[in-house]
Amino acid sequence: MTIVRYDINHTHDGAAASWVESANLPGADFPIQNLPFGVFRRVGSGETARVGVAIGDAVLDIAACDDRGVFTGAAAVAARACRGSALNALMALGPRQWSALRARLFELLGSGRAEEVTHREQVSPCLVAQADLELLVPADIGDYTDFYASVFHATNVGRMLRPDNPLLPNYKYVPIGYHGRASSVVASGTPVRRPLGQTRPEGADAPIFGPSRRLDYELEVGAFIGPGNGLGEVIPHDVAEAHVFGLCLVNDWSARDVQQWEYQPLGPFLAKNFATTVSPWVVTLEALAPYRVPPFERATDDPRPLPYLDGPEYRARGGIDLHLEVWILTEQMRAQGLGPHRLSRSNLRDLYWTVSQLVTHHASNGCNLRPGDLVASGTVSGPDRDGRGCLLELAWRGTEPVVLPTGETRRFLEDGDEIVLRGYCHQRGFARIGFGECRGRVVPAPGVE
Ligand code: CA
């Protein structure tokens with residue numbers, strides 16, 4: 001594996017454009033500099049899912065392009081790995097093949113080249129309109145892990161529980177995480193049923209069983225693992241990013257009342273594993289190269305990361321300047337014809353632990369990470385009030401209800417509420433690239449409709 005970091009190259013050229021006109025519109029999430037991967041099928045067709053790359057408002061079917069013989073060398077190896085109905089085989093390959101496929105797709109879809117006419121003839125039959133498609137969970141996720149990498153989130157939550165001692169002493173040494181549940185990771189747009197569970201009402205001695213009354217979302221970013229490591233092997237920090245295929249948006253739905261009653265002594269369980277929504281497009285680390293920044297600046301009296309989680313590349317550009325937003329659309333807003341209302345804004349660069357640190361730490365005991373595994377960041381909160389990445393923080397455990405444009409208030413989510421996560425990067429001299437949306441609407445608990 002030769003590539004361990006991505007330099008900025010011609011595929012990041014901010015002036016580049018595509019002959020797929022919708023990709024060139026200002027504010028488009030999927031310009032030619034992005035080229036994120038996903039899995040699709042025609043709505044209602046029940047056909048086998050296929051691997052595609054988003055370009056403007058269309059998707060390029062990679063296997064169909066390969067049938068036309070447009071790939072050679074390492075790009076062809078990568079394209080062959082796109083013949084399944086999930087991204088796992090592509091993720092298993094590694095940066096050299098990923099990068100070769102990206103470079104060739106950039107060529108095929110680019111405008112203003114001598115070969116443009118040929119390229120259009122070759123691949124335009126392989127374009128399908130996104131509007132006609134159902135977008136699926138992009139990989140067969142073997143294992144899903146959720147971290148707790150935002151010091152602002154950890155401090156806010158800690159302050160609610162332990163006002164005098166919000167942050168536990170291990171936080172600044174060890175990335176805290178838990179094993180989530182892969183079977184209930186769902187595609188954007190899948191309705192989320194309010195879970196039933198045990199909760200103990202305030203002041204009561206014994207718990208009751210029924211619908212959660214404190215349902216929440218969590219704004220997170222997920223990393224899909226590439227080649228990964230064998231059992232008993234580790235992933236050194238300086239090559240960790242070669243083991244990350246790309247990033248997506250994640251909503252880690254959480255039942256706070258269930259969580260509060262069950263979390264001691266072993267941590268989250270049924271409060272978290274009823275649904276986790278992922279966005280359909282995986283933005284590759286190579287596409288993110290122009291938006292790399294130094295990692296979160298630790299306070300001078302904070303400990304340095306231990307050597308296995310440190311390193312020059314991490315110090316230079318371990319962070320990613322990824323803007324994140326949470327929007328809500330309630331039943332009443334929908335009835336009044338209103339659009340979604342923004343609840344918060346934060347940024348991935350404010351995480352205390354970077355993606356590379358999470359991956360290296362996860363494998364540091366010899367735990368094997370496999371292609372298609374999902375490693376999520378934990379709630380991405382920022383330093384300010386409008387950067388709080390979940391309702392628990394925004395409404396401060398229900399004590400400061402959030403007021404919506406309809407006059408409605410929210411302490412936690414109501415049935416019919418739809419949560420939309422969005423993410424994008426921009427940098428002077430480079431294109432704006434977006435992550436698309438991660439959507440989910442709360443539907444009533446079983447037996448309540
Ligand atoms: Ca979480």
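Read the numbers this way: they start at 1 and go in the same order the structure lists the ligands and their atoms.
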Worksheet entry | Least distance between heavy atoms, T277 atom then C438 atom |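 It is O-SG, 3.5 Å.
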
Worksheet item: With the threshold set at 4.0 Å, does a side-chain nitrogen-carboxylate oxygen contact exist between R159 and E393?
Response: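 Answer for the salt bridge query: no.
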
Worksheet item: According to the salt bridge (Lys or Arg N to Asp or Glu O under 4.0 Å) rule, which pairs have a member within residues 257-281, sequence neighbours left out?
Response: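 Every pair satisfying salt bridge (Lys or Arg N to Asp or Glu O under 4.0 Å) with a residue in residues 257-281: E218-K272, D252-K272.
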
Worksheet item: Between H323 and Y424, how do the two ring planes meet: parallel, tilted or perpendicular, split at 30° and 60°?
Response: parallel

Worksheet item: Side-chain donor-acceptor pair under 3.5 Å between R102 and T11, yes or no?
Response: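 Yes, side-chain donor-acceptor contact under 3.5 Å.
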
Item to complete: For D146 and Y178, test the side chains for any donor-to-acceptor distance below 3.5 angstrom and give the result as yes or no.
Response: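 Their side chains do contain a donor-acceptor pair, which is all the 3.5 Å distance test asks for.
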
Discussion item. At less than 3.0 Å, how many protein N/O/S atoms surround the Ca ion (ligand 1)? Leave waters out.
Written reply: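 With waters ignored, the protein N/O/S count below 3.0 Å is 4.
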
